[in-house]
Number of protein chains: 4
Amino acid sequence: MNGFERRKQKKTEQIFAAACSLLQKYGYSKVSVNEIAAAAHVSPATVFNYFGTKEQMFAEMLEDWMDKQLAKYEEILESSLAYPEKLKAVMLAEAGQLKFLLEDLRDVQHLLGNRSEEKLRQFFMKLIAKGRTEGYIPMEFADELVQRYLNMYLREFRQGVDPSQAEPMLRLFFYGLSNT
Amino acid sequence: MNGFERRKQKKTEQIFAAACSLLQKYGYSKVSVNEIAAAAHVSPATVFNYFGTKEQMFAEMLEDWMDKQLAKYEEILESSLAYPEKLKAVMLAEAGQLKFLLEDLRDVQHLLGNRSEEKLRQFFMKLIAKGRTEGYIPMEFADELVQRYLNMYLREFRQGVDPSQAEPMLRLFFYGLSNT
Amino acid sequence: MNGFERRKQKKTEQIFAAACSLLQKYGYSKVSVNEIAAAAHVSPATVFNYFGTKEQMFAEMLEDWMDKQLAKYEEILESSLAYPEKLKAVMLAEAGQLKFLLEDLRDVQHLLGNRSEEKLRQFFMKLIAKGRTEGYIPMEFADELVQRYLNMYLREFRQGVDPSQAEPMLRLFFYGLSNT
Amino acid sequence: MNGFERRKQKKTEQIFAAACSLLQKYGYSKVSVNEIAAAAHVSPATVFNYFGTKEQMFAEMLEDWMDKQLAKYEEILESSLAYPEKLKAVMLAEAGQLKFLLEDLRDVQHLLGNRSEEKLRQFFMKLIAKGRTEGYIPMEFADELVQRYLNMYLREFRQGVDPSQAEPMLRLFFYGLSNT
DNA sequence: GATGAATGAGAGTTCATTCAT
DNA sequence: AATGAATGAACTCTCATTCAT
C-alpha cells in the first residue's frame, strides 16, 4: 500500500468513526454530512468523492462494522465454550453496541444491505446447526423460526441489558415463562 | 356537537389517518407536514393550527392510537378466554399495526409521551398480576423481567407474523427453546 | 346610540387598547392580528370586519390616539401658563407615551396618515405663532426651521427623560450649548 | 489573499451593500433574506452559510458600517478645522446615511450591539472633551447631558437635511432659540 | 485528489386574510 | 353581525450535493 492509499485508508476510518458515533447519538436523518465531515476533519466534498452519497457512505460504514462484528461472533462460535455460553456470549457481544440497528430501523436496515444481511443469516444458520448437533435445539423447531427467535433476543440485548437481567433473560430463552 | 366541532373532528381524524399511514411508510423524519396535509386534504397551516408543531401532532396522534389499542387490550383481558389465549390475543392485536413503535424508536417513543407509556405499563402490570394469580407466571420472575419479556414479544409481533408462525412463537414464549 | 352601536364602540375600544399596548411592547411587524384579537377578546375576523386590514386598523387606532393627544396639547396652549412653561408641558406630555412613533418609524409614521400629521402641524403653527407674539421666537427663524427644531425635541422627549434631565434639556432648547 | 478569500470578501460586500440598501428602503422586518440574496446575486443559502441567521447578518453589516463611519469621524476630529466646524462636519457626515438607526429602532439598535455602541460612546467622549478644552462646552453641562444633546442632533441630521437648513440648525445647536 | 464555497430544493412554521356557519 | 376555522403565500433556515480552485 503506497502513501496515497494509506492516506485514503486513514481518512476513510476517520469518516467511519465519526459517522458511527454521530449515528448513535442522533440517528440517521438528524446527522448531516457536514457534521460528519467536520468531526472527521475532512471536507464534505471528500465524503462524496469517496462514497457518492450519504446513504452509500452509511451503507459502507455499516458493512464494515458488521464484518468486524461477525468476526467476533465467529470467534465465539469456534471457541471451546459450552453451547449455551456461546449463545450468551454472542448476545452480550451486542449489548451496548450499535443501537441504531434498532432505532432508525427502516433507514438503517435497508442500508445494511443484502450482502451483510446474508452474511449474518449464514452465521445464524451455522449457529443453529451447531445447536442442533449438540442437542440444544430440537428438530421440531424450523430453522426459520429459530432464526427469528434468536433475532428477537439479539435485538432485545442490543438495547442494552444490565448484567443482573442477562442471566434470567437467558433462562427464559431456554425454558420460557413456564416454570415446571 | 355543532357543525364546527363535527368538521374539526372529521379533519382531525383525516390528519391522524394520513399521519399514521405515512409514518409507517416513511418514518418520522422523512414525512413532511405538507405531505400529511395533502393526504388529509387539508392545508398545512391547518395542521399547525390544530397541533402547534409537527412533533405535537404526532404525539397526539400516537396517544389517540394508543388509547384505542389499550381499549382492545382491556377487552381481551376482561374476556372469558383462558390466560394463554389472552396473551396470544394481545400479541396478535398488534400484528400488522403500528410498526413505527419500533422503527424510529428514538423519535417516536419520546413522542408517545409519559402518559401513554404509563397507561401501557399499568395494563401490563394487571396482565402480569392475572398471570400470577392463575398460575401461569411463577413468582420467581420479577415484574420488571416479565414486563421486559412481554415487551420483547410484543415488539416482535408488531413487525408482523404470518399466522403459521404465531403458534410456535407462543410455544417458545411459555416453554423456551429447550424441549424436554 | 343604540345597543348595537354601543357594543361596537366598546369592542373598538378594546381592540384599540390591545393594539396600542402590544404595539408598544413588540412593534408593528411583530404583533399579529390574531394576538391583538385574542387580547381584545374578539375574533380576528371582527378586526377585519371593522377595519379591513391590519394596516388600516393601526391607522385608525393611531388617529384616535393622536386626537386625544392633540386635545391635551390644545388645553396646555389655552392655559394661563407662561410660554416656556407651555412648551415644557407639551414636551413632557409625550414623555413615557407612545414610543412607537419613534420605533417603527417608517411603518407607523406612514400609518399616522396625512390627516393627523396635518392636525399636528397646525397645532405647531399655532404654538409657534404664539411664541412669536410673546417674543420667545425671533422672526429670523423660519416657521419650517422652528417646526423641525420643536419636532426634534419632541422626539427626544418621547423616548423618555428622567425628570432631572428635563430641565437642562429645556435650557439647551432656549439658550443652546454656548453659555455666554 | 487567495482566490477563495477574495471571492468570499467580494460576496460579503455585495451582501452588505444589498442588505444596507434594502434595510433603508423597507426596514428590518419587511426585508427578507431572499430579497437580499437576490439583490446581491447570491443564493439565500450563502447568506446563512456566512452569517448563520438573518439577525447576525444585519448585526455584522451594521458593525462594518459603523466602523467605517467612526473612521470618518475620527478623521474629522483629528483635522485642523475649528471646533464648531468639526461638529458640523460630523453631523453632515451622517446626512443621507443610514436612516434605519432611527427607524426600526428596537430591532436595529439591539443589533448594533454593545461593541459598536461602546465605540461610538468613546468617540463622543473624546469629542466632548475636546469641546471643553477649547471652551465650546461649558463645564456646567454634564457629559451625559451633552452626549444626549449631540445624539439628538445627530439623529435629526441622519434623517437628512437640505444644506440650506444645516446652518441655522447648527446655530440653534450653539445658541438655542432665544436670540438675545 | 482534496477542498472550501456555493447552491437548489425543500423543511417547518407564521400570519394577514377569507370562508362557512 | 360576529365568529371559529381554514388557508395561501411567504418566511427563516437546513442540507445533500456540486462547483471552482
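Here is the naming used below: chain letters follow the sequence lines, and residue numbers restart at 1 for every chain.
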Using side chain to side chain contact (heavy atoms under 4.5 Å, CB included) as the criterion, list what pairs up with [X], not counting sequence neighbours.
X	answer
A:N49	none
B:A38	none
D:A45	D:S43

Handout entry: Nucleic acid contacts of residues 45-54 of chain C, taken as heavy-atom distances under 4.0 Å to DNA chain F
Key = C:A45, C:T46, C:N49, C:Y50
Completion exercise
What residues 32-41 of chain A contributes to the DNA chain F interface at heavy-atom separation below 4.0 Å is A:S32, A:V33, A:N34
To the nearest angstrom, how far is [X] atom [atom1] from [N] atom [atom2]?
X	N	atom1	atom2	result
B:Y28	E:dA11	OH	P	14 Å
A:E5	E:dA2	CD	P	11 Å
A:Q9	E:dG1	CD	C1'	17 Å

Considering non-hydrogen atoms only, spot the tightest contact between [X] and [Y] and give its length.
X	Y	result
C:T53	C:F48	CA-CE2, 3.9 Å
B:A40	B:Q14	O-OE1, 2.8 Å
D:I36	D:A18	O-CB, 3.7 Å

Handout entry: Pairing residues for A:K68 by the salt bridge (Lys or Arg N to Asp or Glu O under 4.0 Å) criterion, not counting sequence neighbours
Key = A:D64
Practice task
Using salt bridge (Lys or Arg N to Asp or Glu O under 4.0 Å) as the criterion, list what pairs up with D:K11, not counting sequence neighbours.
Solution key: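 Listed in chain order: nothing, the list is empty.
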Exercise for the section: Return no unless some side-chain N or O of D:K11 is found under 4.0 Å from OP1 or OP2 of E:dG4. Expected result: no
Exercise for the section: For DNA chain F, produce a single dot-bracket line, 5' to 3'. Pairs: Watson-Crick or G-U wobble, both distances under 3.5 Å. Symbols: ( ) within strand, [ ] crossing, | other strand, . unpaired. Expected result: .||||||||||||||||||||
Problem - Bounds of contact between DNA chain F and chain C, in 5' to 3' order, using a heavy-atom cut-off under 4.0 Å - result: F:dA2 to F:dG4
Practice task
Please determine, by modelled atom types, if A:E5 and A:Q9 share a side-chain donor-acceptor pair under 3.5 angstrom.
Solution key: no
Problem - side-chain hydrogen bond (donor to acceptor under 3.5 Å, both in side chains) contacts in which one or both residues fall within residues 31-40 of chain A, not counting sequence neighbours - result: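 For residues 31-40 of chain A, and leaving out neighbouring residues, the side-chain hydrogen bond (donor to acceptor under 3.5 Å, both in side chains) pairs sorted by first residue read A:S32-A:E35.
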Practice task
Would you classify D:K8 as touching base, sugar-phosphate or nothing, given that sugar-phosphate means primed atoms plus P, OP1 and OP2, and contacts are heavy atoms under 4.0 Å?
Solution key: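 The answer is sugar-phosphate, as D:K8 gets under 4.0 Å only of primed atoms, P, OP1 or OP2.
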Completion exercise
For B:F51, the ring pair (Phe, Tyr, Trp, His ring centres under 6.0 Å) test, sequence neighbours excluded, returns B:F16
Practice task
Among residues two or more places apart or on two chains, list those pairs meeting salt bridge (Lys or Arg N to Asp or Glu O under 4.0 Å) that have a residue in residues 44-61 of chain C.
Solution key: none
Problem - Side-chain (A:T46) to main-chain (A:V42) donor-acceptor, under 3.5 angstrom - result: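 Not a single qualifying donor-acceptor pair exists.
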Problem - Residue whose nearest DNA chain F nucleotide is more 5′ - D:P44 or A:V31 - result: D:P44
